[in-house]
Every structure is written in C-alpha cells, then in structure tokens.
**Q** 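The following block contains the structure, expressed as structure tokens.
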Amino acid sequence: MEPQFSLPQRQSAIGVLIMFFNTLQKMLRGLGPLFLVFVVKYDSEFKQYGYAAIAVVLFLTVLIAYLKYRNFTFYLDDENREFIIQEGIFNKTKTIIQLDKIQQVNINQSLLQRLINVYEVNVDTAGSDAKEGEIKAVDHKLALALKARLLEVKSQQKDFLGTTVADEDILVDESSMESESQLFLKISFRSLFKVGITSNYVKTFTLILAFFTTIYENGKHIFSEQDLDKQNKNLDHFFTRSSDIAALVFIVIVLILVVNLVRVIFKYFDYQIKKQHDNLLLSFGLLSTKSTIIKPERVQIVTITRNYFQKKMNILELKIKQASSGVKQEKKALIEIPGCNEVEKEAVLKMLFDKAPEKGLMLKPNYRKLVFSLFLFIFLPCTAFWSFAYYVDPEVFDYKYVMVIYSLFLLLILVFGFRNNRLYVSDDFIIKQSGAWDVDNSIIEPLKIQAITTSQLFWHKKANIGSVTIHTAGGDLSFQLGDYAKIKDYVNLWLYKIEISNSNWM
Amino acid sequence: MENFTNEVIDIAALPKYETVSLTHLDPKYTTVVGITILITFLIFGSGLGAVLYFNPELLVFSTQLLIGFAVFFAVFVTLSFISLRKKAYAFREHDVIYQHGIIATNTIVIPYNRVQHVALHEGFVARIFGLARIDIFTAGGSSSDIAIPGIALEQAEDIKQLLMGKIQKKL
C-alpha cells in the first residue's frame with residue numbers, strides 16, 4: 001500500500017532514539033564542564049548528589065525526547081499545496097512549505113541513523129527567506145514515498161502550466177526528478193585525518209583554553225578555598241621545573257591534535273558532493289547530516305587555504321562564500337570543503353567558474369606595511385611593557401622572557417604574512433593571497449564586484465601608495481599599501497568591465 | 001552577433017575616476033551641521049549642568065570639567081568641519097563616486113547596474129534649509145552602501161529619478 005500523507009503523522013517510533021541522542025548531546029554540551037568537575041571531585045559525600053543529578057538529567061532527556069517525538073507531526077495539505085511540519089513542546093512551531101517553492105528534497109543518513117535504520121528527509125526551499133523542513137527519522141520506504149509526493153505535485157503543476165512558463169526553478173526540479181544526481185566528489189577518511197592533524201591549531205587551542213577556564217570557574221564554587229590554595233601552590237611548584245613545562249607543552253599539543261581530529265571527523269564525516277544540473281549538493285556529518293546547495297551563480301568569493309604541512313600532504317581546504325541576504329543567512333552562506341587534493345580542487349573551481357583561475361600580474365605591498373605592523377604589534381607592546389616595569393612595578397621584569405618569545409613569534413608571523421601578501425590580477429579573476437602560516441588565496445570574478453573603495457592616507461601621497469577594498473555580496477576583499485597608480489588603473493578597468501556588461505551580477 | 005567586436009582594451013584610454021572633478025556639499029549644509037552640533041552639545045551640556053547641580057560636591061572640579069568640555073567641543077567642531085570639506089561626490093554616466101575621510105581619503109565607486117535601492121532622507125534641520133540626503137544601497141552590505149548628505153532637495157529628487165531609471169533599465 002502506498003503511504004498516505006494527508007493526515008498528520010509521526011516519525012518512526014524508533015526515531016525516539018534519535019531525539020534522545022540529540023537532546024543528550026545538547027545537554028552534555030551545556031553541562032559538560034560541570035560533569036567534568038564531578039569526575040575530578042569524586043568522593044563519597046559528593047557522590048550521591050552527583051549520581052542523583054545524573055539521574056535527573058537522564059530522566060529529563062528521556063522525557064524531552066519523548067515529548068519531542070510525540071509533538072512532531074507532518075502532513076501534506078493537497079488542497080492548499082502545502083507541506084506542513086508541526087513541532088515543539090512548549091513553543092509550538094508550525095512550518096508551512098509551499099510545494100511549488102520546494103527546490104530540493106534530500107534523503108540522508110548519519111551514522112546514528114544508519115545504526116537504527118532510519119533516514120532523514122530535508123526539504124530545501126527557494127528564495128532568500130529560506131525556511132527549511134527537516135524530518136529526522138522515517139523508514140526508507142516512507143522517505144522515498146514522501147520525496148516522490150513532494151516533487152510529484154510539482155511536476156503535475158508543470159504539466160498544468162504547460163510550456164508557457166519557463167521558470168528556472170522548475171527546470172532545476174525537473175532534472176532532479178528525472179536524473180538522479182551523480183557523485184562528483186567524495187572526501188575519504190584519510191583526507192579528513194590529514195585535515196584533522198594539520199589545521200585550526202589556534203582555534204582548537206582557544207577552545208580548549210575556554211573549556212578549562214569554564215571548568216576552573218565552575219570548580220571554584222565547588223572546591224573549598226583551602227583546596228584551591230593547595231592547588232595553586234602545586235601549580236607554582238609545577239611551573240618552576242622546566243621538564244614539567246616541556247611535559248605540559250607536549251600534553252597540550254597532543255590534546256590539540258586529538259580534539260582537532262575528533263572535531264573534524266564528527267563535523268565532516270562522509271563528505272559527499274553530488275552534481276545535479278548546474279548545482280553542487282553537499283552532505284556531511286557523523287551524528288547529524290548537514291546538506292547544502294552551491295549554485296555557481298550565487299558564489300562570490302572562493303578561498304583556497306593551505307599551510308606548509310598540508311602542501312606536503314597534498315590537501316587543501318576550500319571556503320566558498322555565496323551571496324547572503326541578511327545576517328540570518330550568513331552561516332549558511334559560508335561553505336567549507338575540507339581536504340580536497342589538487343585535482344579535486346581544479347574540478348570544483350572549473351565547475352564554479354567554468355575555467356581554472358589563473359594568477360595574473362602581481363601587486364606587492366610597500367615595505368611600509370611591514371614596518372607599520374612591526375611598530376604596532378611589537379614596538380608598542382614592548383615599550384608599554386618596559387615603561388610599566390620601569391615606572392610602576394619592577395617585578396614584572398621577571399617575565400621579560402615572555403615578551404621576547406612574543407616578539408620573536410610575532411616577528412615571524414608578520415614577516416611571513418608580509419611576504420605572502422599579494423594581489424594577482426588577470427582578465428577574469430582577482431586573486432588575493434594572504435596569511436602567514438595558513439596561506440589563503442581568495443578568488444573573485446570582476447563581474448561579481450558591487451562597489452570599489454580606494455583609500456590613501458595623506459602622508460602616503462608622496463610615496464604614491466594606497467589601498468583598495470573590493471566589495472562583493474559575499475564580503476569584502478582588501479589589499480593595502482600597493483602601488484596606487486596601478487591600483488587606480490585596475491579600478492578603472494574593473495569599472496569599465498562592470499559597466500559595459502549587461503549581465504546581472506547574479 | 002554582427003556588431004560583436006573584441007578589441008584589445010587600451011587601459012590608458014579608459015575614463016579615469018580619479019580625475020573626475022567632484023562636487024562639494026551644498027554650502028548651506030555647513031550651517032545644518034553647525035546647528036545639529038550646537039543642539040547636541042546644548043543637551044549634553046545641560047545634562048552635565050544637571051549632574052553638577054544635584055551633586056554640589058563635584059563643584060570642586062568645575063574648572064577642569066569646563067575646560068574638558070570646551071576642548072571636546074572644539075575638537076569635535078574642527079573634525080566635523082574638516083570632514084565636511086572633504087566630502088564630495090560626482091554622478092557619472094555609469095557610476096557614482098563619493099569621497100570622504102579626514103586622515104585617509106576614501107573614494108568609493110558604485111556602478112549604477114549594481115545599485116539595489118535608492119532612498120531620499122530629509123533630516124529635521126536639513127529640511128528647513130531645503131536639503132536632503134541620498135542613500136544608495138548595493139548587495140554588498142553596509143560597507144558598500146553610501147549616504148551623500150547636503151544636496152539641494154530638487155537636485156536630490158532628480159538624482160533619485162535618474163538612479164531609479166538606471167535600475168529599472170537594468171531589469
């Protein structure tokens with residue numbers, strides 16, 4: 001029997017498990033630091049409360065998951081041509097998706113969903129006010145039937161309208177009906193592993209730092225003052241031994257690598273790109289599968305990021321910014337493709353730009369850019385440090401080695417950053433290269449430019465250097481302190497290209 | 001396709017945005033800014049006066065406060081007027097140029113076929129002097145939107161009409 005959708009129905013009963021794990025994940029994220037404190041401070045008197053708390057949290061999670069499952073219903077309103085999803089425990093949400101606005105219906109399966117053999121159905125809609133429908137757990141037969149029904153109404157409508165309306169959206173859907181999308185690129189576990197151990201060191205370090213600070217802050221309320229004093233003394237004692245510091249550094253590095261690896265694998269597991277008509281469909285994620293569409297005409301800035309290790313391992317990361325129409329969409333507008341190799345990168349770029357972007361004539365920044373950043377980030381802090389130590393508190397001098405390490409570190413970053421800072425201009429592409437360790441190459445097409453700002457400080461007039469900022473619908477790109485005469489020539493050329501072209505920018 | 005040519009572009013022969021002679025803001029706008037600053041500082045000053053009145057113990061610092069207030073006022077007025085004199089604009093055949101900035105001279109160029117939307121704004125004081133502000137929006141977000149103040153109202157209306165015409169034609 002064909003499944004019917006005209007009456008509100010729930011997801012598969014086993015879907016409660018998905019709800020449970022999702023809720024548990026959220027709970028753990030919120031209560032994680034507290035939980036850790038419990039583990040660390042494991043003594044008998046505290047134990048009972050701890051177990052009681054865990055029991056309460058688990059009970060709440062089960063209850064919330066069950067209510068979420070109970071209150072989640074979906075149905076098709078044939079009369080009004082609408083697909084309706086109702087959800088929420090206290091705040092009820094009713095999402096109404098008009099069938100003729102549906103662009104895409106994706107059926108995905110994350111690892112968890114695979115384990116209990118259910119599928120999730122994602123409904124993507126057209127338009128900037130993207131409202132999306134997401135059903136977390138239905139069985140395969142139902143998922144397929146639902147997809148067919150959602151798109152079938154669409155094709156009927158097309159027949160009904162006949163050939164008079166040649167709407168682009170309908171064409172896209174037609175293709176999705178007839179030919180199933182083909183696999184374009186798949187990122188292997190090995191590539192993800194490489195990405196995990198080579199990227200985002202600083203970001204992960206700050207995450208870990210933030211995590212421990214939260215634990216420390218939470219811990220302060222629980223540990224007694226005495227304990228804390230003892231701890232501090234231990235810490236002081238610890239830092240006086242250099243071998244311990246080396247051990248600490250080692251532990252931190254290992255921790256960063258492990259956390260990074262786990263994060264990357266959770267986020268990007270089973271990364272697949274499918275090609276459908278002219279668009280790229282992306283889906284990835286271990287626990288919950290995310291899926292997005294890249295439409296080449298909406299792509300504004302493509303950034304290729306690669307550091308030294310990644311170059312040796314032949315991987316790179318692509319970041320694609322699409323035109324956004326509001327802060328809400330900003331998150332959705334940035335798409336990351338981790339761990340492609342050179343060949344895959346070429347394929348994606350060819351798909352997005354029709355041809356491989358070539359680096360054209362090169363612009364270098366003036367040496368003053370380096371001098372100014374050295375002044376700002378090394379000279380000023382050092383002066384501040386020395387004057388503070390000299391006039392206010394001589395004890396601070398004990399930490400001067402911190403200042404030396406800081407200065408050397410920044411010197412390296414600034415010099416490399418300066419050496420990598422370039423602007424390449426060719427007929428069809430503008431490429432900005434920047435970054436000290438992670439080297440970014442941001443590519444835009446001149447026709448995607450919305451506006452151009454040139455800027456010159458009055459004391460740079462004589463040196464004839466200045467800056468240019470290129471505004472696009474996906475963000476700005478700026479290049480500072482280059483040859484101003486050349487920049488102005490390029491600006492005139494880009495303006496000419498934009499103004500003689502009749503094509504819309506999107 | 002018969003009219004299609006593909007000549008090499010002579011970059012040196014392209015129209016140069018940097019040599020366009022720009023129009024400065026309407027002289028009456030200086031008065032508008034002056035009045036606005038005066039009103040703002042009167043409100044700010046009376047607030048300060050009220051604080052002093054209700055906390056007599058602060059009166060010891062009255063000279064310092066007065067000097068501070070005067071210096072702040074002077075700096076603010078000077079910067080405002082320099083910034084006013086730096087602002088200039090030009091409407092070319094295919095784009096709008098707007099220049100501003102005190103320390104750095106920023107020049108932003110927006111081609112008409114990238115303009116999303118144009119608005120006319122008449123401030124309270126500016127309206128008395130028959131002036132208006134033109135707001136030009138692109139899809140590039142706030143960093144690439146411009147607002148040109150101090151344009152005579154009829155002229156501003158004309159510019160808005162012109163821009164609207166260009167936008168319509170694009171579609």
Side-chain angles (χ1 to χ4, degrees), chain A residues 128 298 300-301 323-327 329-330 333 361 425 427 444 446-461 466-478 480-481 484-506, chain B residues 3-20 22 82-83 85-86 90-117 136-148 166-171:
Chain A
S128 54
R298 286 186 78 89
Q300 304 291 318
I301 305 181
S324 61
S325 53
V327 187
Q329 267 210 304
E330 210 98 298
L361 292 167
V425 184
D427 276 353
I444 61 174
L447 284 182
K448 297 274 166 77
I449 296 174
Q450 295 289 328
I452 307 173
T453 304
T454 49
S455 174
Q456 188 176 42
L457 294 160
F458 65 77
W459 61 86
H460 282 159
K461 262 185 195 139
S467 311
V468 59
T469 304
I470 296 166
H471 309 274
T472 75
D476 297 348
L477 204 77
S478 37
Q480 270 125 20
L481 303 192
Y484 207 43
K486 266 190 197 160
I487 286 178
K488 285 193 281 196
D489 278 349
Y490 282 132
V491 170
N492 284 321
L493 181 66
W494 294 328
L495 286 172
Y496 168 76
K497 279 183 183 166
I498 297 165
E499 286 160 11
I500 60 159
S501 81
N502 267 326
S503 75
N504 225 332
W505 58 275
M506 212 172 77
Chain B
N3 306 336
F4 182 78
T5 52
N6 200 356
E7 302 283 320
V8 173
I9 303 163
D10 181 7
I11 296 178
L14 286 176
K16 291 191 184 327
Y17 80 94
E18 65 271 21
T19 55
V20 172
L22 304 172
I82 294 175
S83 132
R85 291 195 39 194
K86 285 277 200 167
F91 288 89
R92 289 201 292 181
E93 205 179 322
H94 293 289
D95 50 29
V96 46
I97 303 174
Y98 180 54
Q99 201 170 66
H100 60 102
I102 299 172
I103 299 170
T105 308
N106 305 302
T107 314
I108 179 163
V109 190
I110 304 180
Y112 293 143
N113 55 12
R114 294 292 183 272
V115 174
Q116 293 279 42
H117 155 73
I136 299 170
F137 301 94
T138 67
S142 54
S143 65
S144 62
D145 297 338
I146 57 176
I148 309 176
K166 301 266 186 196
I167 298 172
Q168 305 274 295
K169 221 167 96 188
K170 183 184 76 179
L171 294 175

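Scope of the values below: all heavy atoms of this structure, side chains included, with no hydrogens, waters or symmetry mates. Lettering follows sequence order; numbering is per chain, from 1. The structure presented is a predicted model; accordingly, all values stated were derived computationally and were not measured.
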**Q** If you measure from NZ on A:Lys497 to CG on B:Leu14, what distance do you get to the nearest 0.5 Å?
**A** 10.0 Å
**Q** Tell me, for B:Ile103 versus chain A, whether the close heavy atoms (under 4.5 Å) come from the side chain, the backbone, both or neither.
**A** both
**Q** Using a 4.5 angstrom heavy-atom cutoff, name the option from A:Leu495, A:Val468, A:Asp489 with the most pairs to chain B.
**A** A:Leu495
**Q** Less than 4.5 Å apart, side chain to side chain, heavy atoms only: is that true for A:Glu499 and B:Asp95?
**A** yes
**Q** Is there a side-chain contact between B:Tyr17 and A:Thr454 (heavy atoms, below 4.5 Å)?
**A** yes
**Q** Give, as side chain, backbone, both or neither, the part of A:Phe458 having an atom under 4.5 angstrom from any heavy atom of chain B.
**A** both
**Q** Taking every non-hydrogen pair under 4.5 Å, which of B:Ile146, B:Thr138, B:Ile102 racks up the most with chain A?
**A** B:Thr138
**Q** Near B:Lys86 NZ, under 6.0 Å, is it more than 12 heavy atoms from other residues, nucleotides or ligands?
**A** yes
**Q** Are any non-hydrogen side-chain atoms of A:Leu447 and B:Arg114 less than 4.5 angstrom apart?
**A** yes
**Q** In Å and rounded to the nearest 0.5 Å, what is the OG to NE2 distance from B:Ser143 to A:His471?
**A** 5.0 Å
**Q** Between B:Asn106 and A:Thr453, do the side chains contain an N or O donor and an N or O acceptor separated by less than 3.5 Å?
**A** no
**Q** Is there a side-chain contact between B:His94 and A:Ile500 in this structure, where contact means two heavy atoms from C-beta onward sitting under 4.5 Å apart?
**A** no
**Q** Answer with side chain, backbone, both or neither: which region of B:Pro111 has an atom nearer than 4.5 Å to a non-hydrogen atom of chain A?
**A** both
**Q** Which value, rounded to the nearest 0.5 Å, describes the distance between A:Ile498 atom CD1 and B:Asn113 atom CG?
**A** 7.5 Å
**Q** At what distance, to the nearest 0.5 angstrom, does CD1 of A:Ile449 lie from OG of B:Ser144?
**A** 11.5 Å
